[in-house]
Protein chains: 2
Amino acid sequence: MQDVAAAAGVSLGTVSNVLNHPAKVSPATAQRVREAIAQLGFVRNDAARSLASGSNSSIGMVLADIENSLFIDMVHGAQEAARATGSKLLLANTACDMTLQDEYLDLFDESRVTGMLLAPMQDSTAGIARVRAHGRQIVLLNFAPKRGTCCAVLVNNEQVGYLAARHLIETGRTRLAFVAAHDDYQPVRDRRLGVRAAVEEAGGRVVLEEIAAAGLTTADGHLAGQGLARRALEELPDGLVVVTDELANGIIHELHTVAGVRVPEQVAVVGCENNRTAGSAAVPLTAVDMPGRMMGQEAMRLLMDEVEAGERHRHATVVLEPELVVRASAPN
Amino acid sequence: MQDVAAAAGVSLGTVSNVLNHPAKVSPATAQRVREAIAQLGFVRNDAARSLASGSNSSIGMVLADIENSLFIDMVHGAQEAARATGSKLLLANTACDMTLQDEYLDLFDESRVTGMLLAPMQDSTAGIARVRAHGRQIVLLNFAPKRGTCCAVLVNNEQVGYLAARHLIETGRTRLAFVAAHDDYQPVRDRRLGVRAAVEEAGGRVVLEEIAAAGLTTADGHLAGQGLARRALEELPDGLVVVTDELANGIIHELHTVAGVRVPEQVAVVGCENNRTAGSAAVPLTAVDMPGRMMGQEAMRLLMDEVEAGERHRHATVVLEPELVVRASAPN
DNA sequence: CTGAAAGCGCTTACAG
DNA sequence: CTGAAAGCGCTTACAG
């Protein structure tokens, strides 16, 4: 920057002003400075910049699983919103590893980002507290914070389970099963509650079985599907609510393609999330849609509010409603 | 940090040494310092740190399309390799927008990352030159650099096309078509060359038709599939090489599910990339696999070599070989 | 509108 | 092994 100033025949402060407050500099001078910058190939040192100014216009987003298109949708939404405000979105993937998640939170913290977005798969109260203790803003995605300790954007996951189960009941299924794993993941717990509520609402004419899968992936679905396929047909549920699409696809594969149990005729299946994989499966999956893009947008909006409002800020939790998307695996 | 030093009763430099060169400090002192850090909730300011040291241990990865699981695989590979060396991987998604790509390259440049990984969808010579002019290292993924201007990890995309076409020819198909779009995307051009080479190799007994799609997505595939479905059966190719899996899935959907043209009996289809979607489609897709994870690992390795070797560094291009994965859409 | 000066919070030789 | 001092490259009042 010194060199630029010398080349343009102005002082250091003027170069800085051209970069940060162009209005304070006469157009002619600014032009000369800009030419010098271009000629010397000058790149402003962001470290010095944020050290001196105490700020940094990028915002960090920490994601538990970029493999899941729900998270990718959140990224898209957040990025659109960030772009509108002129800030840059930096991404970090933890692959569901809490150690890595903490490391990334600390990294963004140390680099003094404007704020953070966190979409975790487990309780992250400690990490959030650490970040917030340093005065840095953070908004939680798809996971409720501990008693109002920060802003959050949630989906009504109880409603996710409820919509899925109600659809099956309304289309005449009476022996439901809920297949899930990872009750330490809050959305799973909530979806379970919703399923139970829908069954209860139906009175005694609908029964619910709860089946534990080994995990949430397609491979876990294969296992669960094999388990179901070993049953006599009359002992099979006639409607399945499966806690994730991947898991549902795995089950359908085993049931329908391998074991020859017809989906949806003999067993109807509803997934949760409405992932990118849902529509293109062997039997297109009926699923309850999570509005990922909107979640990302809302989260960015909350974060920006918090950054701007400062002391006056009040934490808020936005709860978005899910929607049923009907496809072949559980038709109307 | 000043406060920490005071609390621990040592000087500033000692605190710094505890953080950066623990061996230089006596265990007892180090312990006292660490306690002070914990008590005060001190977070080292990364801006000051990298300003003073001139370095920054994170590396930036700029991706054209996080929607595509090939890119996600590259992330996984790069992250594993980064973790092994103790550096952090920061991600940025450009959504195929060259303006955004340039902005992110500049952002990482300004923040003085150790180095960058770039997986673009278009020629990025200008951006690469800009970054390199500032002395920052960058490795290209899945796109050949202009005449040895940087390190790169490529897949032999000609071989991708070749393997796809040869598989169809070997399984008895004689009227092939290559469906593609975006010849400005280098891998597309190379795959086309490979398909032509395989057809030529077969002599006169195999003919090749080249079909232009509107784009590379599933929706574009639907369009292309509709176009094919309108043809009389005897005018239909009996083997399709489709330049991406998504495009292939779209075509299969229209042909097989909508129009009732049987895949693979009447038309066999081979995709390129072997995306996450390939295996779970209505007709599981035979596809040529791109080794994304390995690409990411190799790219990190090249980058680290370059960072460490400094002046002595020679650019290198690693070309990985693809592999055919046979599924139902074009069986053996 | 412009320039000189202080300071952001660290790291790194260097002397003890 | 420890401490005092210089310097990293900017931004921001402040005086002109």
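We name chains A, B, ... by the order of the sequence lines, and we start the count at 1 in each one.
- Residue-level contact check: A/A23 touches the backbone only, with heavy atoms under 4.0 Å from sugar-phosphate atoms and none from bases.
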Under 3.5 Å, N/O pairs linking protein and nucleotides 11-15 of chain C:
from, atom 1, to, atom 2, distance (Å)
C/dT11, OP1, B/N20, OD1, 3.4
C/dT11, OP1, B/N20, ND2, 2.8
C/dT11, OP1, B/R49, NH1, 3.1
C/dT11, OP2, B/S16, OG, 2.7
C/dT11, OP2, B/N20, ND2, 3.3
C/dT12, OP2, B/H21, NE2, 3.1

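- Using a 4.0 Å cut-off between charged nitrogen and carboxylate oxygen, A/R112 and A/D46 do not count as a salt-bridge pair.
- Between A/N142 and A/V153, every side-chain heavy-atom pair lies at or beyond the 4.5 Å cut-off.
- Helical stems involving DNA chain D, defined as 3 or more consecutive Watson-Crick or G-U pairs under 3.5 Å, span C:1-3 with D:14-16, C:5-12 with D:5-12, C:14-16 with D:1-3.
- B/D3 has its CG atom 11 Å from the C1' atom of C/dG9, to the nearest Å.
- Within the 4.5 Å cutoff, no side-chain heavy atoms of A/L107 are placed close to those of A/E103.
- Rounded to a whole Å, the NE2 atom of B/H134 is 15 Å from the P atom of D/dG9.
- Under the 4.5 Å side-chain criterion, counting only non-hydrogen atoms from C-beta, B/V33 is in contact with B/V4.
- By the 4.5 Å heavy-atom criterion applied to side chains, A/L100 and B/Q79 are counted as neighbours.
- The number of heavy atoms from other shown groups lying within 6.0 Å of CE (A/M294) does not exceed 12.
- For the segment residues 26-33 of chain B, residues with any heavy atom less than 4.0 angstrom from an atom of DNA chain D are, sorted by number, B/S26, B/T29.
- The nearest whole Å value for the distance from the CG atom in A/N45 to the C1' atom in D/dG7 is 13 Å.
- Rounded to whole Å, the distance from CD on A/E110 to P on C/dC10 is 10 Å.
- A sub-4.0 Å separation between OP1 or OP2 of C/dA4 and a side-chain N or O of A/S11 is absent.
- With DNA chain D read from its 5' end, the first of the two nearest nucleotides for B/L51 and B/T14 is the one closest to B/T14.
- Salt-bridge check for A/R293 with A/E80: passed, with a basic side-chain N closer than 4.0 Å to an acidic carboxylate O.
- Using a 4.0 Å cut-off between a side-chain N of Lys or Arg and a carboxylate O of Asp or Glu, B/E298 and B/R301 qualify as a salt bridge.
- The existence of a salt bridge linking B/D102 and B/R130 is confirmed by a sub-4.0 Å separation between a basic side-chain nitrogen and an acidic carboxylate oxygen.
- A salt bridge links A/D97 and B/R83; the closest N-O separation between the charged side-chain nitrogens and carboxylate oxygens is under 4.0 Å.
- Within the 4.5 Å cutoff, the side chain of B/V62 has heavy atoms near those of the B/Y104 side chain.
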